[in-house]
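The figures that follow rest on heavy atoms only: side chains count, while hydrogens, waters and symmetry mates do not. Lettering of chains follows the sequences in order, A, B, ..., and the numbering in each one begins at 1. Keep in mind it's a predicted model, so treat the numbers as computed, not measured.
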There are 2 protein chains.
Amino acid sequence: MSKSRNRRPTIIDVAERAGVSKSTAARALTGSSNITEETREKVVKAAAAVGYERNHLAVGMRSGRSGMLGLVIPDITNPFWADVARGAQDRAAKSGVSLLVFSSDWDPEAETQHLRALRQARVDGAIINPVADNFDDLDRFGLPFVFIGSSAERFADVSSVGSDIAQAVRLGLDHLVSKGHPAPSLILGPKSRLARARFLRAVHEHCVERDIDPAILAVEDGEYTVEGGRVAMRRLLERPHVGHVSVFAANDMMALGAMMAVREAGLDCPRDVSILGFDGIPSGEFAWPGLTTVAKPGRDIGERAVEGLFDEIEHKPEHRRIFMPCRLIERGSLADLSAQNPNACRGQGGSDHGCQGQATDRYCLCEWERSRAWIGIRCGRGND
Amino acid sequence: MSKSRNRRPTIIDVAERAGVSKSTAARALTGSSNITEETREKVVKAAAAVGYERNHLAVGMRSGRSGMLGLVIPDITNPFWADVARGAQDRAAKSGVSLLVFSSDWDPEAETQHLRALRQARVDGAIINPVADNFDDLDRFGLPFVFIGSSAERFADVSSVGSDIAQAVRLGLDHLVSKGHPAPSLILGPKSRLARARFLRAVHEHCVERDIDPAILAVEDGEYTVEGGRVAMRRLLERPHVGHVSVFAANDMMALGAMMAVREAGLDCPRDVSILGFDGIPSGEFAWPGLTTVAKPGRDIGERAVEGLFDEIEHKPEHRRIFMPCRLIERGSLADLSAQNPNACRGQGGSDHGCQGQATDRYCLCEWERSRAWIGIRCGRGND
DNA sequence: ATGAAAGCGCTAACAT
DNA sequence: ATGTTAGCGCTTTCAT
């Protein structure tokens, strides 16, 4: 009764009960070698009897490994990031580590604060969607980390996992072409965002390959929101134009907003206007018409990020930048204007998008691990 | 150079640099009393100089408080639960504690596993949406905890935070009545779920008050999914009926599925069929027509749960069961069949739904109205 | 007001 | 194969 208090049982309780020493008990429980099967069993039984559960805090102190990972994303409420979080969670759980999740709301100050919290919690590493531009904070972050998301691309010498925007844009553009929309208008995000430049560059390459003058593409900017897309679409419709209007929006929310603007203008999608989105959020499925879109593999990004982080933690030096391929989800927001056979090019997010990999049911698993450094080619000139 | 290794600075480094003892440094840093302002300043400066950051693992060991909370929800990918998580996160961060987030997928085994992980991580308490029915696991959970969600209601003697289903159902029903749908059909979840019984009970009470025989209400069951709703709606339409069909679905996903079934049957919502949902997921906003629904305050539930957990941790004995009020979001899925307003059928954003706030374009800004982080829009004219 | 020392629970190095 | 001991970084008595 000396220790019958409400205290949680420690390894000492187990040792006493099993009639062995502290360290023997520890050895038995950690599955170390140099232990008789007999004693091991004895200890395990004792542990179960007293309801022993390892104290990770203590283990962490001793071993320097807390068994926790940090995840800092803009907003867990955003379906894409929730997807990422889920992937990370599952992968982490598979290895018996826990995830500390934070939302930064794209606020550098909040980010700094969360990173400090992570450091103080002594997480073994962190997965971060960087919002701050200054490298300083990150340089002295003092913890293994991996970047995720398109904004990670700014930092060339940091391991990262993100969508392959180039592949995604080509996938979308190819699909548009196959449906008879060779020169779609573009609804893009704010000029300040890197993703915008990436998007534009891919469009530019596509144009060059197909002998299209990029300057003929109409471009509108807006915030990455429904309202932003709606306003942009409105402006697009105000421009002089004839016939069918085709739009490639850089974000599903904007695409949904564009859809609204079309309806408000008394037009019909896809009869008068075709819209292609980018992200793959669930809401696109329930819009009417259903939003055809290029979907990012959020879940896989989360998983791979954790794996990359494990490498980073174990000092596997091969730091890598991984770009996960996106896939096309075909729904009803694109009119088929192709004169020829509409099923000529594409089935279901298949492999005919300029990459050579094998296609599974969902993703084209090409090794899109190009090391081609991003030399800030500006391709927006003349379009904006 | 004795300790110039890559080791993170400890309180000893701070003490040495400040020329004081370990304990003095600690006192200065924890803001304890009995310290000269002069030395305090000296220590703080030294801490900043060496880049000292408190090791929460060590603090946790010493004090028995890890500064971490656990959150176990079915799926972070589900918009409602993401909302809850976000609320919990923000509230926790406000008090300087971190959140370990787990998804159980409604799997009792996964739940058990996550709870063990939480215990081993020595979280100070946990917020749980219970999936397992057996109280055993929870009884010997051995940690302060608070339940969330409707399934929490099974456990009468546990502190919990959830939606006020009774109020929500009445809100929806009153709205239906005001629009001329006195006796809607019901699309409910599986009979096994407690939420179903709660829902039905509230409907029953409503009927009794209005002298309606509950037996005249058509009821269909289904899984809480789009497909479940679609099948249920199909069956509903197969039943003999005349004129307009009104439906109250127990879940937005089902409502969206029902909407699909209506379209597939060559009918029109809201002309031929009116649909009211329950949850308030973002997708409802982009459906066509927009889904009128009763929204649960996920974010607030998360916040309150953390606050309740703090009480629980501090042994404030007043364990309570909190039911948060829901609000109506009026969009376009309900026809107005009321005598007063015979031809206004859709898109009438308004405030006539039993709550007293001011109406903006389309939302009633009841007191607990939140910024809708992800959607973050006002879409006044969106659906027309 | 400050310092010395004990100890939280665990693991690993060093005995035996 | 097992026991003994030191120490991870911190807070908190107990002295001074």
> To the nearest 0.5 Å, tell me how far A:Q89 CD sits from B:L100 CG.
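Separation between the atoms: 10.0 Å.
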> Taking only Lys NZ, Arg NE, NH1 and NH2, and the carboxylate oxygens of Asp or Glu, determine whether B:D83 and B:K296 approach each other closer than 4.0 Å.
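No, B:D83 and B:K296 are not salt-bridged.
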> Going by heavy atoms closer than 4.0 Å, what residues in residues 35-50 of chain A are next to DNA chain C?
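Per residue number, the list is empty: none.
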> Please walk me through it: do B:V306 and B:I127 pass side-chain contact (heavy atoms from CB on, under 4.5 Å)?
CA-CA 7 Å; B:V306 169; B:I127 298 166; 3.6 Å; yes
> Using five pairs at either end of the helix from C:dA1-D:dT16 to C:dT16-D:dA1, determine the angle between the two local helix axes and round it to 10 degrees.
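Comparing the axis at each end, I get an angle of 40°.
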> Do other residues, nucleotides or ligands put more than 12 heavy atoms under 6.0 Å from B:R304 CZ?
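No, the 6.0 Å shell around CZ holds no more than 12 heavy atoms from other groups.
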> Just by distance, do the side chain of B:R154 and the backbone of B:P130 share a donor-acceptor pair under 3.5 Å?
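At least one qualifying donor-acceptor pair exists.
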> Salt bridge between A:R86 and B:D105, side-chain N to carboxylate O under 4.0 Å?
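Answer for the salt bridge query: yes.
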> What are the 5'-most and 3'-most nucleotides of DNA chain D lying under 4.0 Å from any heavy atom of chain A?
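Listed 5' to 3', the contact boundaries are D:dA1 to D:dG9.
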> Please enumerate all residues that pass side-chain contact (heavy atoms from CB on, under 4.5 Å) together with A:N55, with sequence neighbours excluded.
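With neighbours one apart ignored, the set is A:L57, A:A58, B:R122.
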> Is the shortest distance from a Lys or Arg side-chain nitrogen in A:K94 or A:D90 to a carboxylate oxygen in the other one below 4.0 Å?
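A salt bridge is absent here (no side-chain N lies under 4.0 Å from a carboxylate O).
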> Output all residues satisfying side-chain contact (heavy atoms from CB on, under 4.5 Å) with B:A46, sequence neighbours left out; order by chain, then residue number.
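For B:A46, the residues satisfying side-chain contact (heavy atoms from CB on, under 4.5 Å) (neighbours in sequence not counted) are B:V14, B:R17, B:A18.
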> Got a sec, which pairs hit side chain to side chain donor-acceptor pair (under 3.5 Å) with one end in residues 60-71 of chain B, sequence neighbours left out?
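Applying side chain to side chain donor-acceptor pair (under 3.5 Å) to every pair that reaches into residues 60-71 of chain B, excluding sequence neighbours, yields B:S66-B:D124.
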> side-chain contact (heavy atoms from CB on, under 4.5 Å) with A:E37: which residues, sequence neighbours excluded?
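For A:E37, the residues satisfying side-chain contact (heavy atoms from CB on, under 4.5 Å) (neighbours in sequence not counted) are A:R40, A:E41.
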> With sequence neighbours excluded, give me every salt bridge (Lys or Arg N to Asp or Glu O under 4.0 Å) pair touching residues 44-53 of chain A.
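Qualifying pairs, neighbours excluded: A:E53-B:R119.
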> Apply side-chain contact (heavy atoms from CB on, under 4.5 Å) to A:A195 and list each qualifying residue two or more places apart in sequence or on a separate chain.
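If we apply the side-chain contact (heavy atoms from CB on, under 4.5 Å) test to A:A195, skipping adjacent residues, the hits are A:S150, A:I165, A:Y224.
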> Does the plane of the ring in A:F145 sit parallel, tilted or perpendicular to the ring in A:F147? Use 30° and 60° as the thresholds.
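Aromatic pair A:F145/A:F147 classed tilted.
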> Find every protein N or O atom lying less than 3.5 Å from an N or O atom of nucleotides 7-9 of chain C, and list the pairs.
| residue | atom | partner | partner atom | Å |
| --- | --- | --- | --- | --- |
| C:dG7 | N2 | B:R62 | NH1 | 3.0 |

> Give every pair of a protein N or O atom and an N or O atom of nucleotides 13-16 of chain C that lie under 3.5 Å apart, one pair per line with the distance.
none

> By ring-ring contact (aromatic ring centres under 6.0 Å, His included), which residues pair with A:H114, not counting sequence neighbours?
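A:F102.
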